[in-house]
Amino acid sequence: SDLGVQVQLISDKMAATMPMMIMAKDEAEFDSIMQDAIEYAHANGLEDILAAYNAKKASNIETAGYSYYDLFYEAYEG
């Protein structure tokens, strides 16, 4: 699907960007690399990906009647 292609493009970009961020000579270079990656993600449909993810998550919660996080936090209340 187009969404799957967008996810892969962003994932590939981040995989290539991470070593450059780690090896940045200073904070300014790191920030520049990070900003380029963020802009790339937005240009390649990040909002669409997040919307689809959140819609699926909401659907799963509606189907199950709860979310994993509900169970997680209940375990620590008692």
Side-chain angles (χ1 to χ4, degrees):
S1 73
D2 289 341
L3 198 59
V5 171
Q6 292 170 309
V7 168
Q8 192 61 52
L9 286 171
I10 294 170
S11 180
D12 290 347
K13 175 69 172 181
M14 290 309 298
T17 300
M18 287 297 206
M20 294 188 300
M21 290 170 50
I22 292 168
M23 300 301 292
K25 67 181 188 289
D26 56 27
E27 190 172 345
E29 183 180 4
F30 175 92
D31 290 344
S32 175
I33 295 166
M34 181 63 142
Q35 187 60 39
D36 288 345
I38 291 169
E39 289 171 6
Y40 183 88
H42 285 286
N44 283 282
L46 179 62
E47 288 79 13
D48 296 335
I49 294 165
L50 293 175
Y53 171 83
N54 288 329
K56 182 62 175 172
K57 179 180 173 187
S59 172
N60 289 346
I61 290 170
E62 184 177 329
T63 299
Y66 62 89
S67 84
Y68 166 78
Y69 297 106
D70 294 337
L71 297 175
F72 179 76
Y73 290 118
E74 285 175 10
Y76 289 98
E77 287 179 353

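Residues take their numbers from the sequence shown, with the count starting at 1. The model shown is predicted, which means the values in this text are computed figures rather than measured ones. These values consider heavy atoms only, across backbone and side chains, with no hydrogens, waters or symmetry-generated copies.
The backbone N or O of Ser59 lies less than 3.5 Å from a partner atom in the side chain of Thr63, making a donor-acceptor pair.
In the hydrophobic clustering, Met23 connects to Ile22, either directly or through intervening members, whenever side-chain heavy atoms lie under 4.5 Å apart.
For residues 10-25, the pairs satisfying salt bridge (charged side-chain N to carboxylate O under 4.0 Å, His left out) are Lys25-Glu29, with sequence neighbours left out. Sorted by first then second residue, the salt bridge (charged side-chain N to carboxylate O under 4.0 Å, His left out) pairs that include residues 37-52, not counting sequence neighbours, number zero.
Here the CD-OG distance, from Gln6 to Ser11, works out to 13.5 Å after rounding to the nearest 0.5 Å. Atom CG of Asn54 and atom CD1 of Ile61 lie 9.5 Å apart (nearest 0.5 Å).
Heavy-atom contacts from other residues, nucleotides or ligands closer than 6.0 Å to CD of Glu27 number 12 or fewer. With a 6.0 Å radius and a threshold of 12 heavy atoms from other residues, nucleotides or ligands, Asp2 has its CG atom at or below the threshold.
Judged as a side chain to side chain contact (heavy atoms under 4.5 Å, CB included), and not counting sequence neighbours, the contacts of Leu9 are Val5, Tyr40, Asn44. With sequence neighbours left out, Met21 forms a side chain to side chain contact (heavy atoms under 4.5 Å, CB included) with Thr17, Met18, Phe30, Ile33, Met34.
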